Student: 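My structure is below; once you've seen it, I'll send some questions.
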Amino acid sequence: MADNLPSDFDVIVIGTGLPESIIAAACSRSNQRVLHVDSRSYYGGNWASFSFSGLLSWLKEYQENSDIVTENSMWQEKILENEEVILLRSKDKTIQHVEVFCYASQDLHNDVEEAGALQKNHTSVTPSNSTEATEATCLPTADESLSTCNCDKPAEQSQSSGPLSSLEVNGAEEARVKENSDAKSPAEETSENVHKVQDNTETPKRNKITYSQIIKEGRRFNIDLVSKLLYSRGLLIDLLIKSNVSRYAEFKNITRILAFREGIVEQVPCSRADVFNSKQLTMVEKRLLMKFLTFCMEYEEHPNEYKGYEETIFSEYLKTQKLTPNLQYFVLHSIAMTSETTSCTIDGLKATKNFLQCLGRYGNTPFLFPLYGQGELPQCFCRCKAMIDQFGQRIVSKHFIIEDSYLSEKTCSRVQYRQISRAVLITDGSVLKADSDQQVSILTVPAEESGSFAVRVIELCSSTMTCMKGTYLVHLTCMSSKTAREDLEGVVQKLFTPYTEIADNEQVEKPRILWALYFNMRDSSDISRDCYNDLPSNVYVFSGPDCGLGNDNAVKQAETVFQQICPNEDFCPAPPNPEDIVLDGDSSQQEASECSAIPEANSETPKEAIDL
């Protein structure tokens, strides 16, 4: 493969995470000669999504914990005089403290098949020391959140006109199953290729959910290594629209924002309609909350309202605003979503304003989630990669862009990394039951002791194409103070019950855990370039995923480096529409095409409302 490549490029991008894929696409659209390289066996690095069996294979790779390098001196012959070698890692070592627990019944049968699946006795899976799993509630097969949609319809016919078509999420939250995706759900291969809406009054069936079922339905899972959402007015959404990359992905609304108080999970009112329909708030509280949220939307115009509190923690400032403890809790943990002990007033007001500005653009909450998981986003920007083996030719480039995990220990010897604690759960029910079983929820559980951090919980239902019917995929994330299990297990125990601890026919309030994964992930987002040893000026380092909820940091990194490489160039401009591409000499068609393109450019977005 290497012999067929040109010998020089303008930019070489090493890594296929989100920021690397964004800048590869941006440079390509600016007519830079780009080589996008990845040595991993999967696309996306720590931004990747896996089927269940794929995740088990990933766990096996990390468990082996070996970086096998075949010694070969041929590459040394390519080094010129006065050049210094910077060695790169071939294996990612940014994941630590991996622990896996299976609580569902593990009686695998001989007829259980799923391509690439590992057996239950794989050493990365720790079975619970208890009896066989009890009968579990299998949620209705009705998919009330999806409208009927023919999957065989061509993409251009199934989308509405305008650059926002792929991002528009209506009340029915329509989701078209993608074609030509061989790593997706078997539901794509049904005889009619249609999601059918059934009566939601159907009586739920009782079923055992076993490890055999999870293995068999493994292709229905798309499990992200990083857990994030998209703010509807965030930088990534704006970039998806501007670049027309939104046509490669589909999104679903986050339907609920939840709070956890005194051992109870409850839904938080955030829009005007939610506030006035809420039974949790008194009429006085509703008025106080609306008044405060209105102030937050224009807080910069009223500096006297928070004068003297700029550096005070936000929770102390809220106490001065005549808000009840109930309202203070909702604003701090479910609207601003900031730390109770470290976020200052300005940060809290800014976060609250951002939340409110994002309301109403695509739904009743500020957030969207990409169908099939976060791992879809890097692939939207760049779907190609090239592998060059150690016998390849010398390839020259003006600029090198590399993801932090590829740098050697020598290069990173002075770097002090933070860590992110992550947990991924497969459960048999939601943390808050509702009329529909197709809720997508975000919940923040505050820290209980000094030195620990609030835990963000994102619960995904089957209509997000990330888990099988009758289950939920739950992501827990926080900044690390200990190992992931030590940081997160307390919250897991508050919200869930291990499947095997339930006796037959016992009624339980909490959803039950079928399978759990804990791991720590490196956070390199705050590392200065000066911390790395001896990097040449034309080498740019991108961080892996950070602990933030959105993706703004990835977009900012890509745009900053792009402007250094391609000053005065447009960042990720939209590609020309195929119908606007005209062959040389066809001037009449070109004039008609230019005329027809003008109205489209002036009709980008429909009317958007902000609920306050």
Side-chain angles (χ1 to χ4, degrees), residues 46 94-99 224-229 231 254 257-265 268 311-318 328-352 354-355 367 374 415-425 431 441-459 474-496 516-527 543-554:
N46 285 348
T94 63
I95 305 295
Q96 297 178 333
H97 310 300
V98 177
E99 298 182 75
D224 294 320
L225 294 185
V226 59
S227 177
K228 291 180 176 290
L229 300 176
Y231 279 95
I254 302 304
I257 296 175
L258 307 179
F260 183 77
R261 294 189 64 196
E262 300 176 352
I264 299 175
V265 177
V268 176
E311 301 302 323
T312 305
I313 59 175
F314 189 44
S315 58
E316 291 298 322
Y317 174 72
L318 292 177
Q328 292 175 39
Y329 189 95
F330 286 164
V331 171
L332 185 65
H333 297 294
S334 300
I335 296 179
M337 298 184 185
T338 58
S339 169
E340 188 171 6
T341 58
T342 60
S343 294
C344 68
T345 297
I346 295 297
D347 289 342
L349 292 174
K350 183 178 179 180
T352 303
N354 182 50
F355 181 100
F367 306 112
Q374 294 287 332
V415 179
Q416 297 293 321
Y417 292 105
R418 297 182 301 186
Q419 296 289 323
I420 303 170
S421 290
R422 290 276 291 113
V424 179
L425 313 178
V431 292
S441 309
I442 178 172
L443 164 68
T444 302
V445 180
E448 284 194 342
E449 56 186 43
S450 176
S452 60
F453 298 90
V455 176
R456 183 173 69 243
V457 182
I458 295 178
E459 183 184 76
V474 183
H475 292 273
L476 293 90
T477 308
C478 72
M479 290 299 300
S480 299
S481 56
K482 303 174 184 177
T483 68
R485 186 182 174 192
E486 291 172 322
D487 284 337
L488 300 173
E489 192 171 40
V491 173
V492 171
Q493 291 174 349
K494 290 177 182 178
L495 298 175
F496 307 96
L517 163 67
Y518 297 90
F519 62 93
N520 288 93
M521 174 184 291
R522 178 192 293 177
D523 181 357
S524 56
S525 59
D526 66 339
I527 304 301
S543 73
D546 63 353
C547 197
L549 177 59
N551 295 280
D552 282 5
N553 186 56

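The residues of the chain are indexed from 1 along the displayed sequence. No hydrogens, no waters, no symmetry mates; every other heavy atom, side chains included, goes into these values. The structure displayed is predicted, hence computed values, not measured ones.
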Student: Which atom names give the shortest non-hydrogen contact between Ser315 and Gln328, and what distance separates them?
Tutor: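 Smallest heavy-atom distance, with atoms named: O-OE1, 4.4 Å.
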
Student: What pair of heavy atoms forms the shortest contact from Asp546 to Gly550, and how long is it?
Tutor: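 That would be OD1-O, 4.4 Å.
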
Student: Do Tyr518 and Arg422 pass the side-chain contact (heavy atoms from CB on, under 4.5 Å) test, and can you show the C-alpha distance, the side-chain angles, and the key distance before you say yes or no?
Tutor: CA-CA 6 Å; Tyr518 297 90; Arg422 290 276 291 113; over 6 Å; no

Student: Working to the nearest 0.5 angstrom, can you tell me the gap between Ser343 OG and Phe314 CZ?
Tutor: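 Taking OG in Ser343 and CZ in Phe314, the distance rounds to 9.0 Å.
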
Student: Among residues at least two apart in sequence or on other chains, which ones pass side-chain hydrogen bond (donor to acceptor under 3.5 Å, both in side chains) with Thr94?
Tutor: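 side-chain hydrogen bond (donor to acceptor under 3.5 Å, both in side chains) list for Thr94, sorted by chain: Asn46, Asp92.
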
Student: Looking only at atom types and distance, does a side-chain atom of Lys228 sit under 3.5 Å from a main-chain N or O of Gly548, one as donor and one as acceptor?
Tutor: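 Answer holds: yes.
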
Student: Measure the CG-CZ distance between Leu488 and Phe453 for me, rounded to the nearest 0.5 Å.
Tutor: 12.0 Å

Student: With no hydrogens and no angle check, is any side-chain donor or acceptor of Thr345 less than 3.5 Å from a backbone partner on Glu311?
Tutor: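 It does not hold such a pair.
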
Student: The test is side-chain contact (heavy atoms from CB on, under 4.5 Å); show your working for Leu318 and Leu332 and say whether it passes.
Tutor: CA-CA 8 Å; Leu318 292 177; Leu332 185 65; 4.1 Å; yes

Student: Is the shortest heavy-atom distance from the side chain of Val492 to the side chain of Leu425 under 4.5 Å?
Tutor: yes

Student: Strictly by modelled atom types, are Thr483 and Glu486 linked by a side-chain donor-acceptor pair under 3.5 Å?
Tutor: yes

Student: Of all heavy-atom pairs between Gly348 and Ala336, which one has the smallest distance, and what is that distance?
Tutor: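 Looking at all heavy atoms of both residues, the closest pair is O-CB, 3.9 Å.
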
Student: Could you tell me whether Lys350 atom NZ has more than 12 heavy atoms of other residues or ligands within 6.0 Å of it?
Tutor: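 Check fails, neighbour count at 12 or below.
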
Student: Compare every heavy atom of Pro545 with every heavy atom of Val226, then report the nearest pair and how far apart it is.
Tutor: CG2-CB, 3.6 Å

Student: With sequence neighbours left out, what residues match Ser525 under side-chain hydrogen bond (donor to acceptor under 3.5 Å, both in side chains)?
Tutor: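 Only Arg418, Asp523 meet the side-chain hydrogen bond (donor to acceptor under 3.5 Å, both in side chains) criterion with Ser525.
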
Student: Roughly how far, to the nearest 0.5 Å, is the NE2 atom of His475 from the CG atom of Leu229?
Tutor: 10.0 Å

Student: Between Asp224 and Gln374, is there a donor-acceptor pair closer than 3.5 Å when you use the side chain of the first and the backbone of the second?
Tutor: yes

Student: How far apart are the closest heavy atoms of Gln419 and Met479, and which atoms are they?
Tutor: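 Scanning both residues, the minimum pair turns out to be O-CE, 3.6 Å.
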
Student: Any side-chain heavy atom of Val474 sitting closer than 4.5 Å to one from Val424?
Tutor: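 Answer no - side chains too far apart.
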
Student: Just verifying a value: how many Å separate Phe330 CZ and Ile335 CD1, rounded to the nearest 0.5 Å?
Tutor: 9.0 Å

Student: Check for a donor-acceptor pair, side chain of Glu459 on one end and backbone N or O of Val431 on the other, with a separation under 3.5 Å.
Tutor: yes

Student: Is there a side-chain contact (heavy atoms from CB on, under 4.5 Å) between Thr342 and Ile313 once you walk through the steps?
Tutor: CA-CA 6 Å; Thr342 60; Ile313 59 175; over 6 Å; no

Student: How long is the straight-line distance from SG of Cys344 back to OH of Tyr317, given to the nearest 0.5 Å?
Tutor: 12.5 Å

Student: Can you find a side-chain donor-acceptor pair between Ser481 and Asp487 that sits under 3.5 Å?
Tutor: yes

Student: Find the distance between CD1 (Ile458) and OG1 (Thr477) and round it off to the nearest 0.5 Å.
Tutor: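 Going from the CD1 atom of Ile458 to the OG1 atom of Thr477 covers 6.5 Å.
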
Student: For the residue pair Ser334 and Leu258, what are the closest heavy atoms and their distance?
Tutor: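 Ser334 and Leu258 have their closest heavy atoms at OG-O, 3.3 Å.
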
Student: Is there a side-chain contact between Arg456 and Leu549 in this structure, where contact means two heavy atoms from C-beta onward sitting under 4.5 Å apart?
Tutor: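 When only atoms from C-beta onward are counted, Leu549 and Arg456 do touch, with a gap below 4.5 Å.
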
